[in-house]
Amino acid sequence: MDNVKDILRKKIFSAVSSIADNIDSKPEDIVVETPPKPELGDYAFPMFPFAKALRKSPVQIASQIAEMLSADDANSYQATGPYINVKIKRDSVVSDTLRQVEEEGDRYGFSNSRSGEKIMLEFSCPNTNKPLHLGHLRNDSLGESVSRILKANGADVKKVNLINDRGIHICKSMLAYKELGNGTTPESENMKSDHFVGKYYVEFTNLSKQDEKAEERAREMLVKWEKGDEETIKLWKQMNRWTIDGVNETYEKTGISFDKVYYESETYASGKEEVLKGIEKGVFYKDEKGTVWVDLEDINLDKKVLLRADGTSLYLTQDLGTAIKRHGDWPFETLIYVVASEQQYHFKVLFEVLSRLGYKWAENLYHLSYGMVNLPEGKMKSREGTVVDADDLFAELASMAKNEIIEKERAEFIDDIEDTSEKIALSALNYYLLSTNPTKDMIFNPKESLSFNGNTGPYLQYMGARIVSILRKFGRNADRASVDTSLLKTDDEWDLIKMIGAFSDVVEEAGREYNPASVTSYTYELAKRFSKYYHDVQILNNEDSNLVEARVYLVEMVLQVLKNCFSLIGIPFLEVM
RNA sequence: GCGCCCGUAGCUCAGCUGGAUAGAGCGUCGGACUUCGAAUCCGCAGGUCGCAGGUUCGAAUCCUGCCGGGCGUACCA
């Protein structure tokens, strides 16, 4: 269904075409803007692009086209300099927009534009030697949100995780536990199980400072692991279980889920086979020591090692195998890797190598690269202990939310304070992490994210809760069959309607750009306009019961759109907070 | 050195494929609760869009060069 903008684009286009036969653009290319002042109109069309073809000044074109369109149209067209400003005849747009929200409900704003497109998204990818940290939270937030946005555009999305459960770093925590653990368990120490494992990873660092043989013993352990030594495998399984159980708890709390989980320990071997095939194809070569290389110097990517002389594999080798396996499991059109920007080089190489191996789908692989999360004090460094633990941060946010609830004397209205506090914490976190463009490094200010003032997730939740509160007080839904939307004629009401009508464009853009920030800023803008409306207008207290009915209807539809936004950016909807 | 990314208000960030006077939030200051939830709203102040060229009717946006910062350039992941 065409929205107001599309209809206007077509009108402008056909008007321009009627006085020029050499326009080489399409109606979709017509630029629509919002006039700088609302008095000027609802939409603006600059005429600069047609000046050359018509060999007239944009000012002349604007006035000519405006006149042509005004002749036979309910909307008003006003030429202001080189712009045509359009004031919409509101009645039908108001009613059409609200009816559409009512009909489509929690699908409003979503589309089928990418229907049939199979998109696999990889994100999170924890190591099994320590719990999640703040960087993972950005990754998870992005991965989950982008996949929801793509689904909202009709795509068939599969979310996958890859657990990095093998390698020297895993052996380090295993070794420290073996030597220092004394048979303790997360239960015996009353610790969350991934934190328990993480403790031994830190212990290893201390150990290796005093004992220079520690590194060597860790390497020996890796060799034993590769050989399938029974005792080592048993320990490895135990510790992986602990970490993964703990990480899953965090996923659960933060609303993250996967359709399929891959384990590096299960996929890394297949990478080796692919490399051997690649040698036969002549894509790779073996040097005199037996090391396998790929030469990408022709495209300025250097030479990279794929297999060590001893036959063991590398990161690149594993990712190669994993990608090929995945395409075999589920033949995607696109595979999006949500991975930090520091790995850009790695993915360039990976994609190039896959392409040289002859996989056509390699050209549709995409690295959704995101910047680092830093603290106001500076960089997070594990060595200096400035890494922000995901669970700790979340617990701190929840506890702040709880204090806020108590301080504002809201506790008596809330059934489950713990649950509500966590939902507020989650909205604060997700909104903060998603509202910065992914490509940029960002500074996470815990204090600011906790303030809940201004442009934040809790603000959005609050606006939702206020609407629910109005509806509760009203006691029933608006009478949808008889509601007279033409009574909604204030500018605040019109602003809300226009905003609601623009939602589908936002969802489309967010999907195209893989950027949830379009949705976060839209949601804030919508909530803010509602808030202003709420202050300017008494929704329920009015003698005219038809007007009350219409306003309640409007507000119900605003709530629907807010909820649809929330579902895309990880903001839990709260009826009461 | 080379490659990629970033540089917009005191701070944190928006600004779509170039378009009318560059916008928010926080912070500062000043207003608004006997009225639908003040986790709110309204207002004031705050900018040579890193610098210099170029393309264009028009540049925060595109191109080039410089300056400043980050990341990468491992037989680590």
Side-chain angles (χ1 to χ4, degrees), chain A residues 29 31 33-37 40 44 46-49 51-52 57-58 80-83 85 125 127 164 166-170 264 289 291-293 300-302 304-310 312-319 340-346 348 369 371-372 374 376 379 401 404-405 407-408 410 413 424 432 435-437 439-445 447-449 451-456 458-459 461-463 465-474 505-506 509 512-513 515 517-518 520-521 524-525 528 531-532 534-542 548 551-552 555 576-577:
Chain A
D29 300 331
V31 177
E33 290 167 36
T34 306
K37 283 183 181 169
L40 289 168
M47 290 296 110
F48 302 102
K52 241 175 213 162
S57 82
T80 309
Y83 293 87
N85 291 322
C125 302
N127 293 325
N164 299 312
R166 61 165 292 281
I168 190 71
H169 54 297
I170 308 297
E264 209 176 271
K289 288 183 198 158
T291 306
V292 181
W293 296 82
N300 291 325
L301 286 179
D302 261 318
K304 305 296 293 182
V305 173
L306 288 153
L307 280 180
R308 298 188 185 93
D310 64 3
T312 57
S313 62
L314 291 98
Y315 181 43
L316 181 60
T317 325
Q318 290 157 191
D319 260 5
S341 57
E342 55 202 15
Q343 293 191 32
Q344 280 183 48
Y345 183 75
H346 168 75
K348 269 190 190 166
S369 154
M372 307 186 49
N374 296 315
K379 274 198 67 163
E404 192 84 353
I405 288 168
E407 233 171 72
K408 294 193 186 312
R410 294 290 309 165
F413 302 103
I424 292 170
Y432 200 101
S435 49
T436 298
N437 189 314
T439 58
K440 289 187 169 181
D441 288 353
M442 67 182 288
I443 293 179
F444 182 83
N445 186 331
K447 218 158 123 197
E448 195 175 300
S449 86
S451 79
F452 303 143
N453 283 323
N455 188 357
T456 66
Y459 173 87
Q461 287 176 308
Y462 180 51
M463 292 310 144
R466 286 222 289 210
I467 295 177
V468 173
S469 182
I470 292 167
L471 301 178
R472 195 183 301 118
K473 187 149 189 175
F474 189 63
D505 284 351
V506 173
E509 186 199 306
R512 197 178 55 238
E513 312 279 329
N515 185 6
S518 319
T520 58
S521 54
Y524 176 67
E525 193 59 35
K528 204 166 78 161
S531 188
K532 182 167 160 48
Y534 178 88
H535 274 264
D536 292 356
V537 164
Q538 286 288 314
I539 293 164
L540 298 178
N541 302 335
N542 196 291
V548 170
R551 286 178 169 167
V552 169
V555 154
V576 179
M577 61 187 282

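Sequence lines set the chain letters: A, B, ... in the order given, protein chains first and strands last, and positions in each chain run from 1.
Within 4.0 Å (heavy atoms only), A:V576 reaches at least one base atom of the nucleic acid. Nucleic acid contact class of A:Y345 (heavy atoms, under 4.0 Å, all strands): sugar-phosphate only. Base contact: A:I424 has a heavy atom under 4.0 Å from a base atom. As judged by a 4.0 angstrom heavy-atom cut-off over every strand, A:I443 is placed among residues touching the sugar-phosphate backbone only. At the heavy-atom level, A:A340 lies nowhere under 4.0 Å from the strands shown. Residue contacts for A:D310: at a heavy-atom cut-off of 4.0 Å it reaches no nucleic acid atom on any strand shown. Counting non-hydrogen atoms under 4.0 angstrom, A:V537 reaches a base of the nucleic acid. The residue A:M442 sits close only to the backbone: its heavy atoms come under 4.0 Å of sugar-phosphate atoms, none of a base. Residue A:T291 is in base contact, counting any heavy-atom pair closer than 4.0 Å across all strands shown. When heavy atoms are screened at a 4.0 angstrom cut-off, A:N300 is found touching no nucleic acid atom at all. Heavy atoms of A:P36 sit under 4.0 angstrom from at least one base atom. A:N85 comes within contact range of at least one nucleobase, with a heavy-atom separation under 4.0 Å. Residue-level contact check: A:Q343 touches the bases, meaning some heavy atom is under 4.0 Å from a base atom.
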Contact letters for nucleotides 26-33 of chain B, in which S counts primed atoms plus P, OP1 and OP2 and B counts the base, heavy atoms under 4.0 Å: S-------

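Between A:D505 atom CG and B:rC16 atom P there is a gap of 15 Å when expressed in whole angstrom units. The CG-P distance, from A:D536 to B:rC36, rounds to 15 Å in whole Å. As rounded to whole Å, 9 Å separates atom C1' of B:rA74 from atom CG of A:L314. Atom NZ in A:K528 sits about 8 Å away from atom P in B:rC41, given to the nearest Å. Atom pair A:Y534:OH and B:rU35:P shows a separation of 11 Å (rounding to whole Å applied). Taking atom CE on A:M463 and atom P on B:rC36, their separation rounds to 15 Å, with Å as the unit. Rounded to whole Å, the distance from CD on A:Q318 to C1' on B:rC75 is 13 Å. Atom-to-atom, NE2 of A:H346 to P of B:rA74 comes out at 14 Å; the value is rounded to the nearest Å.
Taking atom P on both nucleotides, B:rA14 is separated from B:rC57 by 32 Å, rounded to a whole Å. A distance of about 29 Å separates the C1' atoms of B:rC16 and B:rG10, rounded to the whole Å. Between B:rU55 and B:rU48, the two P atoms lie 26 Å apart (nearest whole Å). B:rG58 and B:rC62 are spaced 13 Å apart, taking the C1' atom of each and rounding to whole Å. Straight-line distance between the P atoms of B:rC63 and B:rU56: roughly 16 Å, to the nearest whole Å.
Comparing atom distances between the A:R512 side chain and each of B:rA77, B:rU12, B:rC16 picks out B:rC16 as nearest. Of the candidate nucleotides B:rA20, B:rA39, B:rC36, B:rA39 has the atom nearest to the side chain of A:K408. Here the nucleotide nearest the side chain of A:Y459, chosen from B:rA14, B:rU40, B:rC36, is B:rU40.
Taking side-chain N and O atoms only, A:S469 has no distance below 4.0 Å to OP1 or OP2 of B:rC36. A sub-4.0 Å separation between OP1 or OP2 of B:rC36 and a side-chain N or O of A:R472 is absent. Within the 4.0 Å cut-off from OP1 or OP2 of B:rA39, at least one side-chain nitrogen or oxygen of A:Y462 is found. Distances shown here put every side-chain N or O of A:K473 at or beyond 4.0 Å from the OP1 or OP2 atom of B:rC36.
Residues A:Y459 and A:F452 have side chains not in contact (no heavy-atom distance under 4.5 Å, counting atoms from C-beta outward).
Between A:A44 and A:E342, it is A:A44 whose nearest contact on RNA chain B lies nearer the 5' terminus. Checking A:A309 against A:F48, the closest nucleotide of RNA chain B that is more toward the 5' end is the one next to A:F48.
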Short heteroatom pairs, N/O only, protein and nucleotides 3-7 of chain B, under 3.5 Å:
{"residue": "B:rC4", "atom": "O2'", "partner": "A:Q344", "partner atom": "OE1", "Å": "2.5"}
{"residue": "B:rG7", "atom": "OP1", "partner": "A:K440", "partner atom": "NZ", "Å": "3.2"}

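An anti orientation is assigned to B:rC6, its glycosidic angle lying beyond 90° of 0.
When both pairing distances are held under 3.5 Å, B:rC11 makes a Watson-Crick or G-U pair with B:rG25.
No donor-acceptor contact under 3.5 Å links the side chain of A:D319 to the base of B:rA77.
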